[in-house]
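The structure appears right after this line, and notes come after that.
Model, not experiment: these values are computed from the prediction. By convention here, the first residue in the shown sequence is residue 1.
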Amino acid sequence: MIKINILCAFLLFASFSVKANTLELRPLLKDRFEENCAIRPQYDFHNQNTDLIAPLKLYTTKSKYIDKQAYVSSIYDLKNVTYSEIPVRKIKFIFGHLAQQYNQYLYLDLSTVKAKKQFSKLKFKQNQKNTGLSVAFSKNIAIVQCYWLEQF
């Protein structure tokens, strides 16, 4: 566990792009969203107490926690965060109690030509063993969902 925390801390510090005020998530999340959703059994950017950790915490403008019988959800509105230079407006984490399923979402803003072009270059691996990935669109937002079972 300590090795994972040290690796996460190193990757988090290395993820800052050339622009000092922008956090680029692709170096941290490419393995999950473009290769294997279950690469890590836990959520990204969370400690063992499920608290959001730096540096993502520093870019959160609003947060919402929902605790229902069927699921728990944490939603974070973000500012100055990108994934492959595409603005990330929101990141969401949901754990479904019944299915024992983890879900991690990225809400990518495709309102510009540049963002649409960058998004078209991404290769999300959708056929993963014991996990899944889906991409949905709502207006100018691409919602990329990665999901995996607690025990796979």
Applying the 4.5 Å side-chain criterion to the ILVMFWY set and letting contacts propagate, would [X] and [Y] be lumped into a single cluster?
X	Y	result
V135	L122	yes
Y105	F137	no
I66	I94	yes
Y83	Y43	yes
L98	V72	no

Quiz item: What residue among K90, K79, R89, K114 forms salt bridge (charged side-chain N to carboxylate O under 4.0 Å, His left out) with D109?
Solution: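 With D109 as partner, salt bridge (charged side-chain N to carboxylate O under 4.0 Å, His left out) holds for just one option, R89.
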Rounded distance (nearest 0.5 Å) linking atom [atom1] of [X] with atom [atom2] of [Y]:
X	Y	atom1	atom2	result
L23	L58	CG	CG	9.0 Å
L28	F33	CG	CZ	11.5 Å
L25	L108	CG	CG	9.0 Å
F124	S134	CZ	OG	10.5 Å
I91	Y59	CD1	OH	14.0 Å
L110	Q118	CG	CD	11.0 Å

Quiz item: Without hydrogens or angle criteria, can the side chains of Y147 and Q101 be said to hold a donor-acceptor pair below 3.5 Å?
Solution: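 Not at all, the side chains of Y147 and Q101 share no donor-acceptor pair under 3.5 Å.
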Quiz prompt | Side-chain donor-acceptor contact under 3.5 Å, Y107 with K92 | solution =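 A pair is found: one side chain offers a donor N or O, the other an acceptor, under 3.5 Å apart.
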Practice problem: Give the intermediate values and the outcome of side-chain contact (heavy atoms from CB on, under 4.5 Å) for residues T131 and N36. | Solution: CA-CA 8 Å; T131 67; N36 178 5; 4.1 Å; yes
Self-check item: Neighbour count above 12 (heavy atom, 6.0 Å) for K64 NZ
Solution: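 Result for NZ/K64: open.
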Practice problem: Go through the steps for E34 and R26 under the test salt bridge (Lys or Arg N to Asp or Glu O under 4.0 Å), then give the verdict. | Solution: CA-CA 9 Å; E34 297 179 50; R26 192 167 189 216; 2.8 Å; yes
Exercise. Assess R40 against W148: is NZ or CZ under 6.0 Å from the centre of the six-membered ring, and within 45 degrees of the ring's axis?
Key: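 Here R40 fails the 6.0 Å and 45° test against W148.
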Quiz item: Is the backbone of A115 close enough, under 3.5 Å, to the side chain of T112 for a donor and an acceptor to pair up by distance?
Solution: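 Flag set: sc T112 to bb A115 pair under 3.5 Å.
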Practice problem: For Q100 and H97, indicate whether the former's side chain and the latter's backbone hold a donor-acceptor pair under 3.5 Å. | Solution: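 Indeed, once roles are kept as given, a pair shorter than 3.5 Å links the two residues.
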Quiz item: Is the ring centre of H46 less than 6.0 Å from the ring centre of F93?
Solution: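 Ring centres of F93 and H46 closer than 6.0 Å.
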Quiz prompt | Intermediate values then yes/no, side-chain contact (heavy atoms from CB on, under 4.5 Å), L133 and Q145 | solution = CA-CA 5 Å; L133 185 131; Q145 174 194 13; over 6 Å; no
Practice problem: Go through the steps for T61 and L78 under the test side-chain contact (heavy atoms from CB on, under 4.5 Å), then give the verdict. | Solution: CA-CA 6 Å; T61 60; L78 305 173; over 6 Å; no
Quiz item: ring pair (Phe, Tyr, Trp, His ring centres under 6.0 Å) between Y71 and F95: does it pass, once the steps are laid out?
Solution: CA-CA 5 Å; Y71 68 92; F95 181 76; over 10 Å; no
Practice problem: Please name the pair of heavy atoms, one in L52 and one in K57, separated by the smallest distance, quoted to 0.1 Å. | Solution: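 Shortest heavy-atom separation between L52 and K57 comes out as O-CD, 3.5 Å.
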Practice problem: List the steps and the verdict of side-chain contact (heavy atoms from CB on, under 4.5 Å) for E24 and V81. | Solution: CA-CA 6 Å; E24 173 58 54; V81 177; over 6 Å; no
